[in-house]
Amino acid sequence: MSELSREEIESLKSPLATKVELHEEIGSTQERARELAREGASHGTLVVSKVQTGGRGRLGRRWGSPAGGLWMSLVLRPDVQAQVAARITQAAAVGVAKALRELGVEARIKWPNDLLVDGRKICGILAESSVGNVPVAAKKVGTGEERRVDFVVLGVGLNANLEPQDLGVPDGEATTLRSELGYDVDLISLLRSLLYHLDFEMGRIEDFGAILDDWRALDCTLGERVRVQRFGETLEGMALDLGAEGELLLETRDGVVELFEGEIEQLRRERT
Ligand code: BTN
């Protein structure tokens with residue numbers, strides 16, 4: 001089984017690993033990749049660390065990142081309008097789910113982008129974008145500028161070759177590949193597959209309908225009763241479907257509400 005090494009990651013020849021930094025330990029690959037992006041790092045710059053001491057998740061939460069996991073952040077520079085950036089998080093979830101399923105792990109996506117196995121989280125995704133105004137061709141009407149994505153830092157935290165109790169989360173909340181499969185996976189092969197699927201999904205980001213169709217086939221939220229905190233209020237309802245931009249359509253007592261972000265809690269399982 002291969003140890004992670006920079007040379008081996010570069011030898012994958014993935015368009016998402018054209019420049020690679022591999023750390024034994026770092027605060028957060030997300031912070032490092034963002035620093036590199038601000039310095040002009042190109043699309044496909046990949047930062048991986050065997051351990052993170054300050055890993056962070058969505059909503060400012062801590063992300064336990066001991067040895068054995070795959071902790072990585074990618075610099076992406078998709079040539080798209082600013083509003084397309086929001087799609088990346090769900091596209092990445094589809095890519096990661098496909099890679100996990102190739103390993104025989106029945107991963108499902110909890111809206112918007114958590115990867116769960118039997119209700120336990122196995123992978124978290126954090127996509128943070130930077131947008132800017134760029135001049136548009138003179139023949140276009142308007143201000144002469146449009147908001148476009150400058151870069152996206154896509155963080156993936158995959159609980160791989162470690163025990164769930166090493167993650168520092170309450171029992172039953174998280175799982176790992178080791179615990180699902182009963183053996184340790186080759187991290188280089190896993191990375192090859194992840195990068196392949198992420199690159200595929202990023203390559204069709206403008207065809208978001210197709211990505212959402214795959215998302216629906218992999219989801220574990222639609223058809224469930226969920227609770228969500230929004231603007232200081234608690235909403236409860238049935239997760240009906242996704243809208244065209246991946247927003248969750250929640251049927252509440254007061255009608256259908258569109259959720260573009262947030263953390264949902266699934267109340268009752270209706271799918272077997
Ligand atoms: C979530 O809250 O579900 C997202 C977790 C994202 C964790 C990954 S691990 C690699 C990268 N570095 C970080 O500090 N966070 C992301």
Side-chain angles (χ1 to χ4, degrees), residues 4 9 16-17 20-38 41 44-76 85-86 88-97 99-100 107-117 119-130 151-162 164 166-170 172-177 187 190-191 194-195 198 215 218-221 228-229 246 248 259 261-266:
L4 278 181
I9 299 173
L16 296 188
V20 177
E21 266 192 23
L22 174 65
H23 298 264
E24 289 297 314
E25 183 176 297
I26 197 171
S28 161
T29 58
Q30 200 74 3
E31 302 315 322
R32 177 62 185 145
R34 185 206 294 268
E35 191 175 86
L36 291 171
R38 287 201 177 122
T45 300
L46 173 65
V47 181
V48 182
S49 187
K50 295 182 183 174
V51 172
Q52 294 186 117
T53 52
R56 60 179 180 82
R58 292 200 305 137
L59 309 170
R61 294 191 187 122
R62 173 185 171 275
W63 184 263
S65 320
L70 186 56
W71 322 123
M72 61 182 242
S73 299
L74 267 167
V75 176
L76 304 174
I88 287 177
T89 178
Q90 278 162 305
V94 169
V96 174
L100 293 178
R108 293 206 158 269
I109 308 171
K110 177 183 153 201
W111 185 88
N113 65 354
D114 281 345
L115 276 300
L116 308 185
V117 181
R120 296 180 170 148
K121 188 150 161 174
I122 195 159
C123 179
I125 293 170
L126 184 64
E128 298 175 307
S129 44
S130 166
F151 64 82
V152 177
V153 176
L154 178 66
V156 178
L158 180 47
N159 306 335
N161 300 333
L162 68 173
D166 296 340
L167 292 164
V169 297
E173 276 191 9
T175 188
T176 68
L177 288 178
L187 291 180
L190 174 61
L191 192 54
L194 271 176
L195 295 176
L198 288 172
W215 191 101
L218 292 161
D219 120 276
C220 62
T221 299
V228 61
Q229 309 290 332
L248 185 65
L259 298 174
E261 57 189 35
E263 180 83 355
I264 59 163
E265 182 193 343
Q266 302 197 170

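Counting starts at 1 for both ligands and their atoms, following the listed order.
- Residue pairs meeting the salt bridge (charged side-chain N to carboxylate O under 4.0 Å, His left out) criterion with at least one partner in residues 63-76, sequence neighbours excluded, are absent.
- In this structure, Arg38 does not pair ionically with Glu35, as no charged nitrogen and carboxylate oxygen lie closer than 4.0 Å.
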Show every donor-acceptor pair shorter than 3.5 Å between a side-chain atom in residues 61-69 and any protein atom, with sequence neighbours excluded, or say none if there are none.
unit_1 : atom_1 : unit_2 : atom_2 : d
Arg61  : NH1    : Glu263 : OE2    : 3.2
Ser65  : OG     : Gln52  : NE2    : 2.9
Ser65  : OG     : Trp63  : O      : 2.8

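- Annotation: ligand 1 has protein neighbours Ser28, Thr29, Gln30, Gln52, Gly55, Arg56, Gly57, Arg58, Trp63, Met72, Ser73, Asp114, Lys121, Gly124, Ile125, Leu126, Val156, Gly157, each with a heavy atom less than 4.0 angstrom from the ligand.
- Among all heavy-atom pairs drawn from Pro164 and Thr176, the shortest one is N-CG2, 3.6 Å.
- The side chain to side chain donor-acceptor pair (under 3.5 Å) test applied to Gln30 returns Ser73, Glu128, not counting sequence neighbours.
- The environment of Glu265 atom CD is dense: over 12 non-hydrogen atoms of other residues, nucleotides or ligands sit within 6.0 angstrom.
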